[in-house]
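To start, the structure itself, in structure tokens.
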2 protein chains.
Amino acid sequence: MISGILLLKYGATIENADASEIIISEKKRADFYFQIKIGEVKMFNLNEQGKEFVQGIFYDGESFGEPPLLGDFKYPASAVAVKPTELYKLSKTKLFELLVDNPEVNLKFTKALAKRLYYKATILKEISVHPPEHRILALIDFLKNKYGTEELFQVELTRQQIADLTGQRVETVIRAVKQLEQEGELKLIKRKVFR
Amino acid sequence: MISGILLLKYGATIENADASEIIISEKKRADFYFQIKIGEVKMFNLNEQGKEFVQGIFYDGESFGEPPLLGDFKYPASAVAVKPTELYKLSKTKLFELLVDNPEVNLKFTKALAKRLYYKATILKEISVHPPEHRILALIDFLKNKYGTEELFQVELTRQQIADLTGQRVETVIRAVKQLEQEGELKLIKRKVFR
DNA sequence: ATGGGTTTATGATTTGCCTCATAAAATAAG
DNA sequence: CTTATTTTATGAGGCAAATCATAAACCCAT
């Protein structure tokens, strides 16, 4: 997360995206840095049969789609606004200027990438060698670590979203979650909310 | 890749690892930066039943296991030397000094992370929404991009390695590769070598 | 409240990949 | 050149998760 003031200083614009509006299209070139001011964005892949895989969900203050900016390759996934969203949008060249001028921001940026990498390595591991329930727990542990506090952790995810994040089908997730609840591994506070 | 001279200047040591020697253990803290001088290293996960998933294979000049150094979390996978390997080993604090002192190296470092992220996003997409043959082609395309030239691309990977990199079983890969060869999508120059 | 849309739930069936078993090639080692 | 080891090959069978179908529960706007 780069401060809004700094972004604006380097010429960032503020863009609005309606819910369901596509912000980034897979296989397109990467020309801009995006950071969420308020809202929610997901990056996803879709195959021909309409099966979706969600690479990540991003909230206030988070950026997304940075790797292709640095590596000069095409976007491996698309981004869509989940809710009405306000975004900072900064050109690639301006972002580079900003990073060069501000080493401490640069470091933060690199750290954010490192975290993302960790997440992907974790999910890859889960998908490749662990069964459905384990994957769900791993996802929740990760999110807890990212967004939660010691005492309480709440995150709103539908079972469909969990499925899309862990490469499974809704029905499978529903059954697995139910089993985990019975085993006491997981607790549902109310609809969609985990502790 | 950071130049060996620079690494040594900051106090890096050169370590030798025999084939099959573990260099990094999953879930351990990250204290060192590793870069291959000569040799081959793979990062992998193993589940209880012995099923393996290979997060990446690294060759001369490449570094591995950096994310936990920056993000301060545990290694999500283990690293093992595939062949006898010489490594530069540099402490976390010294690496940070090096990066702060050398912004252009810092940038290269960040770009390497970005590429890794791209690879993981790609493999995740493949594993989640694409069938075996497609995954294999995606892997080969990626490697071609990374190591190949226009005219010729050769990379030595056994079918077992392809399986471990794409989260499948050997038998599945063997059958898929055979099919792809028949369809002309893939060409085997000789054993283990793809064009 | 009431109706429409989303989310959760659950059973029946199918299927793609894994698993198991066994053997033939290919490569390496002595 | 012979033997040992690794890699490739192939069939048969099993199984976990996907798919399909249908319905109940829940949420939300009017």
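Each chain gets a letter, A, B and so on, in the order the sequences are listed, and its residues count up from 1.
For the OP1/OP2 pair of D/dT8 and a distance below 4.0 Å, the side-chain nitrogens and oxygens of B/R159 include at least one atom meeting the criterion. Of the side-chain N and O atoms in B/R169, none sit less than 4.0 angstrom from OP1 or OP2 of C/dC17. Between B/R175 and C/dC18 there is no side-chain N or O to OP1 or OP2 distance below 4.0 Å.
In this structure, A/E171 places its CD atom 16 Å from P of C/dT15, rounding to the nearest Å. Following rounding to the nearest Å, A/I174 (CD1) and D/dT22 (P) show an atom-to-atom distance of 17 Å. Following rounding to the nearest Å, B/E52 (CD) and C/dC18 (P) show an atom-to-atom distance of 15 Å. The NE2 atom of B/H130 sits 17 Å away from the P atom of C/dG16 (whole-angstrom rounding). Remark: P of D/dT8 and CD of B/Q179 are 18 Å apart, rounded to the nearest angstrom. Distance, B/Q182 CD to D/dA9 P: 11 Å, rounded to whole Å. If you take CD of B/E126 and P of C/dC17, they are 13 Å apart, rounded to a whole angstrom. A/Q160 places its CD atom 12 Å from the P atom of D/dA18, with the value rounded to the nearest Å.
Between A/F64 and A/F34, the angle of the ring planes stays under 30°, which puts this pair in the parallel group of the 30/60° scheme.
A donor-acceptor contact closer than 3.5 angstrom links the side chains of B/Q55 and B/N45. Judged by distance alone, the side chains of A/Q168 and A/T166 do bring a donor and an acceptor atom under 3.5 Å apart. B/E126 and B/S128 are not linked by any side-chain donor-acceptor pair at a separation below 3.5 angstrom, with hydrogens and angles left out of the test.
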